[in-house]
Amino acid sequence: MSEISKAYTPSEVEDKWYEKWVNSGCFKGEPDSSKEAYSIVIPPPNVTGVLTMGHVLNNTIQDILIRRARQTGKSAIWIPGTDHAGVATQTKVEKVLRSEGTCARELGREKFIARAKDWRDTHGGIIIEQLKKLGASCDWPRLVHTLDDGYSEAVLTAFVKLYKQGYIYRGKRMVNWCPVNLTALSDEEVIPRHEKGKFYKMKYRVAEEPDTYLEICTTRPETIMGDSAVAVNPSDERYKHLIGKHCVRPFPEAEIPIIADRYVDMEFGTGALKITPAHDPADFEIGQRHKLPIIDIMNPDATMNALAGKEFEGLTREAARKLAVKKLDEMGLLIEIQDYEHNVGYSERGDVPIEPRLSDQWFLKYPKIQEAKAAVENGLIKFWPKRWEKTYIHWLDNIRDWCISRQIWWGHRIPVWYKKGVKNIDFNNPEHVHVSVKGPSDPENWEQDEDSLDTWASSWLWPFATMGWPNAEKMSEKALSYFYPTSDLVTGPDIIFFWVARMIMAGLEFMGGKSDAEKIPFKNVYFTGIIRDMQGRKMSKSLGNSPDPLEIIAKYGADGLRFGVMNCAAQGQDILFSEERVELGRNFCNKLWNACRFRQMSGKIGDNSSFESIVKRIDFSKLDSDDAAVLSSLIQTSKAVQKDYESYQFNSITQRLYAFFWTDFCDWYLEVSKSRMADESSKQTVLAVQDVCMRGLLLLAHPFIPFISEELWHSMGFGAENSFLQNENPFVEKALEPLGIKEDAAALALTKNLRELVSKARALKAQYKLANKKDAVFYVSADAENAAQITANAEKLKRLAGAAEIKIKAEVKDCPAAICELGTIYLDLTGSVDSQAEKQRLEKEKAKIESAIKSTAARLSNEAFISKAPQSVIDGAKKQLEENKAKLEEIEKLIALF
RNA sequence: GGGCGGUUAGCUCAGUUGGUUAGAGCGUCUGUCUUACACACAGAAUGUCACAAGUUCGAGUCUUGUACCGCCCACCA
């Protein structure tokens with residue numbers, strides 16, 4: 001126990017406790033057959049990344065779940081790790097090299113990788129330290145990086161297995177090509193952008209009919225040089241007679257066939273489509289159908305090559321477009337240019353339009369698609385919120401083979417070797433191609449494939465590759481059989497295809513077990529919202545609207561940040577974030593701090609080491625309705641929190657904790673206790689009730705605000721020196737019930753009414769500018785029962801209302817009054833009442849009550865309501881009607897007095 | 001073109017089986033250093049719950065349609 005300082009300073013508390021937790025092995029996950037297993041794998045951040053608000057949201061939720069799991073007696077593990085982020089890192093390192101006047105190719109593969117590793121090791125790992133600042137209770141010694149030896153073995157093993165089963169194949173296909181990073185990308189990595197562009201209408205002369213021209217529309221005139229046909233719809237009457245003839249491609253000038261293909265939309269453009277098989281996926285398909293030549297006019301960096309012709313060679317796509325338009329115009333072939341809006345696919349990392357490109361790549365035909373669908377449809381894996389299931393199923397229904405090879409060096413090199421000197425490689429011939437994790441035994445005779453794997457083709461194995469798969473010894477060491485499948489996955493919906501869906505397929509494919517229930521990688525997936533700024537824009541570096549979480553932590557504390565963010569994060573809803581939201585969290589922590597401080601100042605802290613030892617100090621004969629009410633509220637809060645956890649309603653939990661602590665405990669109970677604390681006979685009981693409440697509150701709040709709760713837990717003497725809040729059971733109601741503390745509806749109702757009485761008394765004072773006066777006199781007219789309650793609580797009421805006296809009196813005249821559940825309260829203002837104003841106020845009140853009566857009465861006089869509504873609702877309505885009628889009568893009486 | 005969200009107080013948002021007179025935080029206004037907390041306390045003001053129709057005894061909540069905003073998917077050049 002230590003004395004609590006006046007203001008809460010998070011920095012003094014947070015680092016201290018984090019160190020203690022780590023040194024005491026609090027975050028270590030150990031298999032324990034007597035406990036239920038609970039596990040989470042972190043969505044691995046980019047190893048060279050820095051913490052963003054998105055990470056804060058995501059990892060706070062994971063930390064809350066894992067800490068709650070520890071509290072509820074599960075054996076919990078949160079496995080941390082980082083991702084090597086292939087293309088992103090390669091791009092950054094290449095940039096550094098360029099600034100040094102060199103480039104990757106000059107360095108060569110080995111040296112480049114060494115440089116990239118250096119770069120990773122100097123710039124990497126920052127985010128791990130930042131996660132610690134946030135309070136993330138990961139089992140750090142288990143940190144995994146996707147390029148670790150063990151993990152790499154998993155990636156290569158998966159490749160080899162899938163290859164041997166025929167799921168992975170090499171093929172020449174149209175892929176998404178990034179001309180900046182010079183690599184193929186998967187469909188998922190292409191970001192569509194809505195752009196304003198131009199639609200060019202031009203004409204090609206028909207070779208067989210010199211006076212006839214065919215009008216064609218295109219958005220990409222720079223590909224004209226690659227045209228190998230013009231297509232029209234076979235049933236298009238306008239062009240039927242031209243099918244089979246030729247038209248003249250203007251440059252390089254050549255006659256190309258006019259073909260018929262159903263793909264062409266007669267309604268769109270002119271109904272004639274130029275076909276560039278090398279540079280458009282749809283054209284490629286048409287080209288295949290009609291056996292058209294493929295004329296690739298671009299270099300890998302999307303500049304024009306020799307096939308485009310002398311004038312174009314070396315030009316960029318953009319320059320080539322300008323030149324092509326100029327030439328068309330000069331040749332008199334350009335008809336018009338229209339403005340046009342359409343989607344253009346961009347490379348996320350390269351930030352340029354992707355170029356469809358025909359190339360040799362490795363593809364994966366996904367395994368276990370149907371099983372992956374079923375796992376979610378049958379509820380083996382639950383999505384929160386559920387609506388993402390549809391997105392997931394839709395993607396699986398339309399799934400296409402995954403291009404997994406990347407023409408970069410930073411990543412897992414494809415474990416395929418080709419025999420040196422073999423010209424036409426036959427993939428079915430083991431003399432030609434070797435595929436294994438370890439490589440051929442005579443490496444000098446082989447050459448390894450140059451490509452690396454897509455980063456996601458490594459991270460899709462995350463849930464089990466982090467637990468030692470495929471190495472049996474490591475799997476046992478890392479307790480895969482105990483911790484797999486993981487319990488909850490927390491991630492953003494933006495990577496549902498990239499990662500979540502693929503992990504599910506990977507788990508089903510590679511994990512053993514009797515049923516899919518044992519193979520799936522996780523049981524629940526919680527999809528967070530996206531953090532945006534107050535204008536609803538995504539946070540981004542270029543907009544500069546992305547606050548640095550570390551600065552916020554420095555200013556408000558990690559607990560404040562966590563509480564603030566969780567408070568406004570409704571399930572799966574995007575969050576408009578601003579610092580003000582963190583203020584709420586910080587204020588909550590500060591108030592918590594001061595409540596404990598107040599408790600320490602109020603009296604010596606006794607044996608607080610358990611609920612039992614605290615309750616022993618309670619003299620049950622001294623408990624009054626306020627004690628019972630606040631304890632009831634605590635119990636209700638604990639029960640509700642449990643339910644909220646079950647349905648992943650984290651914002652609801654913060655709201656309940658806030659309302660209980662701030663409104664019920666501080667605003668009412670502590671204030672009401674003050675007068676009873678002055679009385680030695682009730683003081684110990686009151687303090688013990690406070691201790692029960694604080695103990696319960698800290699237990700419930702711990703996962704959200706781990707640092708301050710741990711600090712206060714110890715300064716309040718709730719835990720022994722080397723114990724931790726994470727090991728304390730949070731089911732408050734279960735602990736209290738055997739000690740004779742239960743929910744008390746009558747006490748809650750009475751407290752509510754007393755609060756109302758005080759509130760109205762204060763309002764009356766404020767109305768008459770007497771808020772500061774402590775010597776106001778009130779009269780209350782009430783029935784005998786209520787009068788007795790008021791008398792019994794008179795001391796407390798006087799203190800709270802700032803009154804010298806509260807007298808029970810049957811008839812009062814000429815005083816402003818307010819009607820309460822317990823009776824009518826009057827402020828003694830003999831002779832100085834502004835009767836006009838008072839009358840107006842009462843009239844307003846009367847109108848309110850009348851409208852309530854009207855609606856209730858209407859319902860009650862409705863036969864259908866009486867016959868169909870449940871009895872409890874009818875009784876409630878009747879009771880309410882009576883109460884309101886009594887109030888109305890009372891208020892009319894008051895009005896008549898003026 | 002298909003799908004999914006959102007529309008509730010000045011702002012940001014809760015409101016999970018339909019049930020009394022719709023809530024919170026911030027902001028605004030009026031007071032207050034009242035034996036913790038001004039990161040606080042007390043009081044006040046503020047809503048045709050986007051619009052329309054329907055189901056129902058009863059709709060912010062369910063159904064259908066409309067409008068606007070946002071996101072995702074889709075090879076119309």
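Each chain gets a letter, A, B and so on, in the order its sequence line appears, and its residues count up from 1.
Nucleic acid contact class of A:Lys390 (heavy atoms, under 4.0 Å, all strands): sugar-phosphate only. In this structure, A:Ala766 reaches the sugar-phosphate backbone alone: every heavy-atom distance under 4.0 Å involves primed, P, OP1 or OP2 atoms, never a base. Residue contacts shown for A:Tyr340 are limited to sugar-phosphate atoms, with no base heavy atom under 4.0 Å away. The residue A:Lys674 sits close to a base: some heavy atom pair falls under 4.0 Å. At a threshold of 4.0 angstrom between heavy atoms, the contacts of A:Asn343 include nucleobase atoms, whether or not backbone atoms are also involved. Within the nucleic acid shown, A:Arg586 comes within 4.0 Å of at least one base atom, counting heavy atoms only. Heavy atoms of A:Arg799 sit under 4.0 angstrom from at least one base atom.
Annotation: proximity of residues 259-273 of chain A to RNA chain B (heavy atom, distance under 4.0 Å) is found for A:Tyr263, A:Val264, A:Asp265, A:Phe268, A:Gly271, A:Leu273, numbered in ascending order.
The CD-C1' distance, from A:Glu188 to B:C72, rounds to 13 Å in whole Å. At whole-Å resolution of the value, CG in A:Leu764 and C1' in B:U30 are 16 Å apart. Look at CG on A:Leu670: it is 11 Å from P on B:A36, rounded to the nearest Å.
Residue side chain A:Lys591 does not reach the base of B:C39 through any donor-acceptor N/O pair under 3.5 Å, judged by distance alone.
Separation of the P atoms belonging to B:C72 and B:G27 is 34 Å when rounded to the nearest angstrom.
Not a single donor-acceptor pair under 3.5 Å links the side chain of A:Glu671 to the backbone N or O of A:Trp668. Distance alone, capped at 3.5 Å, places no donor-acceptor pair between the A:Arg762 side chain and the A:Ala801 backbone.
For RNA chain B, each stem of at least three Watson-Crick or G-U pairs (distances under 3.5 Å) is given as range with range: B:1-7 with B:67-73, B:10-13 with B:23-26, B:28-32 with B:40-44, B:50-54 with B:62-66.
In summary, the aromatic rings of A:Phe661 and A:Phe588 are positioned with their centroids under 6.0 Å apart.
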Which atoms of nucleotides 14-20 of chain B (N or O only) lie under 3.5 Å from a protein N or O atom, and what are those distances?
unit_1, atom_1, unit_2, atom_2, d
B:A14, O2', A:Gln655, OE1, 3.3
B:U16, O4, A:Gln649, OE1, 3.1
B:U20, O2', A:Gln880, OE1, 2.6
B:U20, O2', A:Gln880, NE2, 2.4
B:U20, O2, A:Gln880, OE1, 2.6
B:U20, O2, A:Gln880, NE2, 3.3

